[in-house]
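To start, the structure under review is shown below, and the notes come after it.
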Amino acid sequence: MTSEKTLPVAPVQPFVLRSSRVTVTLYKCDCTSLDVMADAVVSDPPYGMNWNTDSTRFSGGQRSIERGDGRDDWGDIQSDAEPFDPSPWLKFPKVILWGANHYAARLPVGTTLIWLKKDEHLFGTFLSDAELGWMNSGYGVYAFKKQFPPPSRMVEGGGRVLHPTQKPVALMDWCLGKAKLSEGQTVFDPYMGSGTTGVACIRRGINFIGAEKDGRHFDTALERLTRELSQERLF
């Protein structure tokens, strides 16, 4: 009778992109399998709300070029049907996590960040007026205002909406500023989606590490960040 041997799991090989100012390291895998060293975690994780990505909800049931092709286009957000556990990321020196109201009981006291994503005349209409984030230092409440409807998302996406929960680059740049992150430091986004946090990091000269297990979104982030780095080199 022979005993079976357990083969070691090969480490995930990253995609590494560089410019004269920053290094971008991207992993196509589940972020929980990584052991990453970084100065901060800045991320918009799956909240555990099982978000309905069917874009036809926003257009009277009609598919729209501006709003995507519905659930057949996006599919479900991976892991979003499960309660989110922030504990793996709380060990980092600086942490900002969005969607904090969905898992507030699992977070220690910290700063509340608010993204006001509608103009005042739209408050109280379809979907939320704002989103809440949490930062692991301080005790204040700070707000950032930027309307970000699908046409604006398309502008940032080079002509298309990149992700069903896409955030504006300006919002993630504001987060980097609130966390007092500076050039030469490193930010990790374990749920990078289309790479918005990475774009903000590149523009500030901050090194970026991102992980995304959905292959479609990973490819989008890789293309987007490669393009951003090439523009950074031009300037």
Side-chain angles (χ1 to χ4, degrees), residues 9-17 22-51 75-104 106-108 110-111 113 115 131-137 162-169 171-176 178-179 181 185-202 204 206-225 228:
V9 178
V12 178
Q13 295 300 312
F15 292 75
V16 180
L17 313 171
V22 299
T23 298
V24 172
T25 307
L26 306 180
Y27 293 90
K28 187 191 292 188
C29 68
D30 187 325
C31 58
T32 58
S33 67
L34 299 175
D35 184 15
V36 170
M37 297 290 292
D39 299 294
V41 163
V42 178
S43 190
D44 180 34
Y47 310 152
M49 64 182 292
N50 199 21
W51 170 249
D76 294 329
I77 299 173
Q78 294 193 21
S79 303
D80 194 41
E82 309 159 8
F84 177 66
D85 178 13
S87 60
W89 318 119
L90 303 186
K91 64 182 180 181
F92 286 81
K94 298 179 179 180
V95 185
I96 292 179
L97 296 172
W98 283 95
N101 50 305
H102 295 282
Y103 47 91
R106 302 182 181 93
L107 293 170
T111 291
L113 304 177
W115 171 32
E131 295 190 23
L132 296 183
W134 170 87
M135 185 167 66
N136 69 334
S137 60
L162 299 176
H163 193 277
T165 61
Q166 183 178 335
K167 297 295 184 290
V169 173
L171 174 67
M172 305 317 290
D173 180 75
W174 179 71
C175 289
L176 300 177
K178 295 304 294 183
L181 293 160
Q185 292 188 293
T186 299
V187 166
F188 177 40
D189 186 347
Y191 308 93
M192 73 171 172
S194 62
T196 301
T197 303
V199 172
C201 285
I202 290 170
R204 279 186 177 250
I206 295 172
N207 299 311
F208 177 71
I209 302 172
E212 175 57 54
K213 67 180 181 180
D214 188 312
R216 297 167 303 166
H217 298 320
F218 178 89
D219 291 345
T220 296
L222 177 60
E223 176 186 351
R224 187 183 187 190
L225 296 175
E228 186 68 30

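Computation of the quantities below employed the complete heavy-atom set of this structure, encompassing side-chain atoms and omitting hydrogens, waters and symmetry-equivalent molecules. Note that the structure is predicted; figures quoted are calculated from it, not measured. FYI, the numbering just counts along the sequence from 1.
- Between V24 and E228 the shortest side-chain heavy-atom distance does not fall below 4.5 Å.
- Across all non-hydrogen atoms, the minimal contact from A38 to F92 is O-CD2, 3.7 Å.
- Checking side-chain atoms of R224 against main-chain N and O of V199 turns up no donor-acceptor pair under 3.5 Å.
- Here the side chains of L181 and R204 are not in contact, with every heavy-atom distance at 4.5 Å or above.
- Listed here is the closest heavy atom pair of H217 and P164: CE1-CD, 4.1 Å.
- Summarising the geometry of G195 relative to A221, their closest heavy-atom pair is N-CB, 3.9 Å, with the distance given to 0.1 Å.
- In this structure, P83 and R106 approach most closely via the heavy-atom pair CB-NH2, 3.7 Å.
- Between atom CZ of residue F188 and atom CG of residue D39 there is a gap of 13.0 Å, rounded to the nearest 0.5 Å.
- Counting only heavy atoms from C-beta outward, the side chains of L17 and L222 approach each other to under 4.5 Å.
- Minimum heavy-atom separation, L225 to G198: CD2-C, 3.6 Å.
- Partners of F208 according to the ring pair (Phe, Tyr, Trp, His ring centres under 6.0 Å) rule, which considers only residues two or more places apart in sequence or in another chain, do not exist here.
- Note that the CD1 atom of I202 and the CG atom of D173 stand 12.5 Å from one another [nearest 0.5 Å].
- Note that OG of S43 and CE of M172 are 7.0 Å apart. Values are rounded to the nearest 0.5 Å.
- Considering SG of C175 and NZ of K94, their distance stands at 13.0 Å, rounded to 0.5 Å.
- The backbone N or O of G210 sits nowhere less than 3.5 Å from a side-chain atom of D189 that would complete a donor-acceptor pair.
- Here the straight-line distance linking atom CG of L176 with atom CD1 of I206 works out to 4.5 Å at 0.5 Å rounding.
- T196 approaches K167 most closely through the heavy-atom pair CG2-O, 3.3 Å.
- For D219, the side chain to side chain contact (heavy atoms under 4.5 Å, CB included) partners are K28, not counting sequence neighbours.
- With rounding to the nearest 0.5 angstrom, the CG atom of L113 is 10.0 Å from the CG atom of L97.
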**Request:** Take E131 and L171 through the test side chain to side chain contact (heavy atoms under 4.5 Å, CB included) and record every step on the way to the result.
**Result:** CA-CA 11 Å; E131 295 190 23; L171 174 67; over 6 Å; no

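- In this structure, the side chains of Y103 and D85 stay at 4.5 Å or more apart for every pair of heavy atoms.
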**Request:** Verify side chain to side chain contact (heavy atoms under 4.5 Å, CB included) between K213 and Y27, making sure each step is shown before the conclusion.
**Result:** CA-CA 8 Å; K213 67 180 181 180; Y27 293 90; over 6 Å; no

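- By the 4.5 Å heavy-atom criterion applied to side chains, P108 and L90 are counted as neighbours.
- Paired with F84 under the rule ring pair (Phe, Tyr, Trp, His ring centres under 6.0 Å), one option of W89, W98, Y191, W134 passes, and it is Y191.
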